[in-house]
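See below for the structure under consideration.
Every heavy atom of this structure was used, including side-chain atoms; hydrogens, water molecules and symmetry mates were not.
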Amino acid sequence: MEEIKVRTGYKIENYILEEMLGAGGFSTVYKARSIDPQPEYDPVIAIKVLHPRRLDRYQIRRFIREAKIAKKLIHPNIVKVYDFKKDEGAFFIFMEFLDADLLKCIHTRREIFSPSILEEIILKSAKGLSFIHQNRIIHKDFNPSNILVNFSLEKVKITDFGLSVKNTFFYKEKREGGTLDYTAPEIIKGRKASIRSDIYSFGKTVEKLYNELNFPIPDTFRYIINISTRENPDERFSNMEEIIYMFEDYEI
């Protein structure tokens, strides 16, 4: 089968793929611009493309599942997914465009961050993750690279639901972890993910952000990191609302 050549310049649904924003093992994300003066979505969006070499039944199903999960999650701190498309045998997810992921933004524009701004970013991320859990979804790959921001740091949104699963008693999942430094020990040991697995990833993310920016960690945040990242899931916070309550008590 001839490989589908989706790259910069490719046209789909009146959008032209421009620069590549990022690539992983399963997909590539492009910035895309509308050639229609009255675009169906925003004039500039992001388009996620399933790698041609991943066009097997399982990966296609997972890509479609990602689009369906994300499209239903409407929240100020979750990246908006507009639609799922198939074109010439390739598979695409149309979604909201933001300037950069949080880690990349720290590396390239460190001067725009302050301790108070970082605290606001962490709180917004917590609220987005809480909403995901309230909708009975486990993210499974929460980390700083899956938090997108604009350069004003006003918008903070969680993305990438490629590993996400429905949190039900009967759900079955392949034992796939997320990004290693943020993956809970129980998942590494081959156990099922849970809300507390995401809470572990959240704690590791908060710790990473402070370390990257070399900001002193406030005592409240240090406590949150300590409880969230305990080896035993039963010793962690039971839900994100407990963490948000601590943030708000801290008066961010």
Q: Not counting sequence neighbours, which residues clear side-chain hydrogen bond (donor to acceptor under 3.5 Å, both in side chains) with Asn143? List them please.
A: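 For Asn143, the residues satisfying side-chain hydrogen bond (donor to acceptor under 3.5 Å, both in side chains) (neighbours in sequence not counted) are Asp141, Thr179.
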Q: Give a yes-or-no answer on whether the side chains of Ser130 and Gln134 include a donor-acceptor pair shorter than 3.5 Å.
A: yes
Q.
Regarding Ser152 and Asn150, do their side chains bring together a donor and an acceptor under 3.5 Å, going by distance alone?
A. yes
Q. Which heavy atom in Leu148 sits nearest to a heavy atom in Val79, and how many Å separate them?
A.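 Answer, listing the atom of Leu148 first, then Val79: CD1-CG2, 3.8 Å.
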Q: Quick one: closest heavy-atom pair of Met95 and Tyr82, and the distance?
A: C-CE1, 3.4 Å
**Q.** Between CZ on residue Arg230 and CZ on residue Arg236, distance to nearest 0.5 Å
**A.**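 The CZ atom of Arg236 is 10.5 Å from CZ of Arg230, to the nearest 0.5 Å.
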Q. Considering the options His139, Glu66, Arg65, which one meets the side-chain contact (heavy atoms from CB on, under 4.5 Å) requirement together with Ser164?
A.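 When side-chain contact (heavy atoms from CB on, under 4.5 Å) is applied between Ser164 and each of His139, Glu66, Arg65, only His139 qualifies.
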(Q) Could you see if Ile74 belongs to whatever hydrophobic cluster contains Leu129? Use Ile, Leu, Val, Met, Phe, Trp, Tyr and a side-chain cutoff under 4.5 Å. (A) no
Q) In chain order, what residues pass the side-chain contact (heavy atoms from CB on, under 4.5 Å) check against Pro144, with sequence neighbours excluded? A)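 Only Leu103, Tyr182, Thr205, Lys208, Leu209 meet the side-chain contact (heavy atoms from CB on, under 4.5 Å) criterion with Pro144.
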**Q.** side-chain contact (heavy atoms from CB on, under 4.5 Å) partners of Ile217, counting only residues at least two apart
**A.**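 With sequence neighbours excluded, Ile217 shows a side-chain contact (heavy atoms from CB on, under 4.5 Å) to Tyr210, Phe221, Arg222, Ile225, given in chain and number order.
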**Q.** Val44 backbone acceptor or donor facing Asp42 side chain under 3.5 Å
**A.** no
(Q) As a quick check of understanding, evaluate ring pair (Phe, Tyr, Trp, His ring centres under 6.0 Å) for Phe91 and Phe63, giving each step before the final call. (A) CA-CA 8 Å; Phe91 296 86; Phe63 198 69; 7.1 Å; no
